[in-house]
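In what follows, chains are A, B, ... by sequence order, proteins preceding strands, each numbered from 1.
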2 protein chains.
Amino acid sequence: MDQLSATFAALADPTRRAILARLTEGPATVKELSEPFDISGPAISKHLRVLEKAGLITRGREAQWRPCRLDATPLKEVAVWAENYRRFWDASYARLDALLTEMKETEQ
Amino acid sequence: MDQLSATFAALADPTRRAILARLTEGPATVKELSEPFDISGPAISKHLRVLEKAGLITRGREAQWRPCRLDATPLKEVAVWAENYRRFWDASYARLDALLTEMKETEQ
DNA sequence: CGGTTAGATAACCAAGCGGTTAGGTACAAG
DNA sequence: CTTGTACCTAACCGCTTGGTTATCTAACCG
């Protein structure tokens, strides 16, 4: 699986996006991250592994804690990818695109 | 499944992203879209259904063809979502963040 | 009419996902 | 040393996913 696919797949789960949102406020332990959700610890562990493999978080070791820290660099690739489609959602460009399509059709 | 999750899930597949890229050049039939890939027609149909449910394409009817057209509006939400993390991948902000973390730690 | 083409649907399969419970490891505190 | 806490791994379960082949509909073409 390529990097971009892994990133999109990781972001497809609301729990994982909530974890990322929490990590914008600073590093957190697994316990802290699991508190907002009523799912088991192993389920959180799996989510964190997905995020780690996607390069969206890094994990340290401090005694019995495994603090998680946000690494947003893959999100830059997401933003860049999405920006390539800006002209297709931007209204003025959409009108221009429709005009060009119409011109192309009538010229044949 | 919420809209954003559906969009991310749809984008997690390279074949579907390639289909979207092709549609930036204009509408295309199912056959045209399937040509670059050596997977069966039904597999393409499934990908198109995923994209359609995510609101990323719309489909028309012209005789025996079902032309697909790009609808990039969900990608705007993706871009907006990712932009909220810009300060975490931007180098200068990263350095500022590290500085603030250091200050917070030493003040205790 | 018969044949061809575009495309969808159905049924199936292997693999992956999101969740669980049970049990194991590592460390700190009493 | 014992107990409790933080976290992980393993095994399992139901559902989804990405693919297949086979079959069906709908439209055009001769």
To check you understand the geometry: which heavy-atom pair defines the closest contact between [X] and [Y], and what is its length?
X	Y	value
A/Trp89	A/Ala82	CZ3-O, 3.3 Å
B/Met1	B/Ala6	CG-N, 3.8 Å
B/Arg66	B/Gly60	NE-O, 3.1 Å
B/Pro74	B/Gln3	CB-NE2, 3.9 Å

Hey, are the side chains of A/Leu23 and A/Leu56 touching, using non-hydrogen atoms and a 4.5 Å cut-off?
no
Validation row: A/Leu4, B/Leu11 side chains within 4.5 angstrom (heavy atoms)
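In short, these two side chains do not touch, never coming nearer than 4.5 Å.
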Members of residues 2-18 of chain B that approach DNA chain D, where some heavy atom sits under 4.0 Å away:
B/Asp13, B/Arg16
Between A/Arg59 and A/Asp71, is the closest basic N to carboxylate O distance under 4.0 Å?
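The answer is no: the pair does not qualify as a salt bridge.
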Listing request: all ring pair (Phe, Tyr, Trp, His ring centres under 6.0 Å) pairs with a residue in residues 49-82 of chain B, at least two apart in sequence or in separate chains.
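Qualifying pairs, neighbours excluded: B/Phe8-B/Trp81, B/Trp81-B/Tyr85.
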Which residues pass the side-chain contact (heavy atoms from CB on, under 4.5 Å) test with B/Gln64, not counting sequence neighbours?
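Partners of B/Gln64 by the side-chain contact (heavy atoms from CB on, under 4.5 Å) criterion come out as none, since no residue qualifies.
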Looking only at side-chain N and O atoms, does A/Arg17 offer a donor or acceptor that is under 3.5 Å from a partner on B/Ser5?
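Yes.
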Upstream residue (5' side of DNA chain C) when A/Ile39 and B/Pro67 are each assigned their closest nucleotide:
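Whichever sits nearer the 5' end wins; that is B/Pro67.
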Mind running a 4.0 Å heavy-atom check of residues 40-52 of chain A against DNA chain C and sending the residues that fall below it, in number order?
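By residue number: A/Ser40, A/Pro42, A/Ala43, A/Lys46, A/His47.
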Sugar-phosphate only, base, or nothing, as touched by B/Arg61 at under 4.0 Å among non-hydrogen atoms
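Counting heavy atoms under 4.0 Å across all strands, no contact is made by B/Arg61.
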If I take atom NZ in residue A/Lys31 and atom P in nucleotide C/dA26, what distance separates them, rounded to the nearest angstrom?
21 Å
Whole Å only: how far is the CE atom of A/Met1 from the C1' atom of C/dA15?
13 Å
Counterpart base for D/dG30, defined by Watson-Crick or G-U wobble contacts under 3.5 Å
C/dC1
When the side chains of residues 29-52 of chain A are checked against the rest of the protein, which donor-acceptor pairs come out under 3.5 Å, sequence neighbours left out?
from: A/Thr29; atom 1: OG1; to: A/Glu32; atom 2: N; distance (Å): 3.2
from: A/Glu32; atom 1: OE1; to: A/Thr29; atom 2: N; distance (Å): 2.9
from: A/Ser34; atom 1: OG; to: A/Lys31; atom 2: O; distance (Å): 2.9
from: A/His47; atom 1: ND1; to: A/Arg16; atom 2: NH1; distance (Å): 3.1

Its 5'-most and 3'-most nucleotides having an atom under 4.0 Å from a non-hydrogen atom of chain B, DNA chain D is contacted over D/dG18 to D/dC28
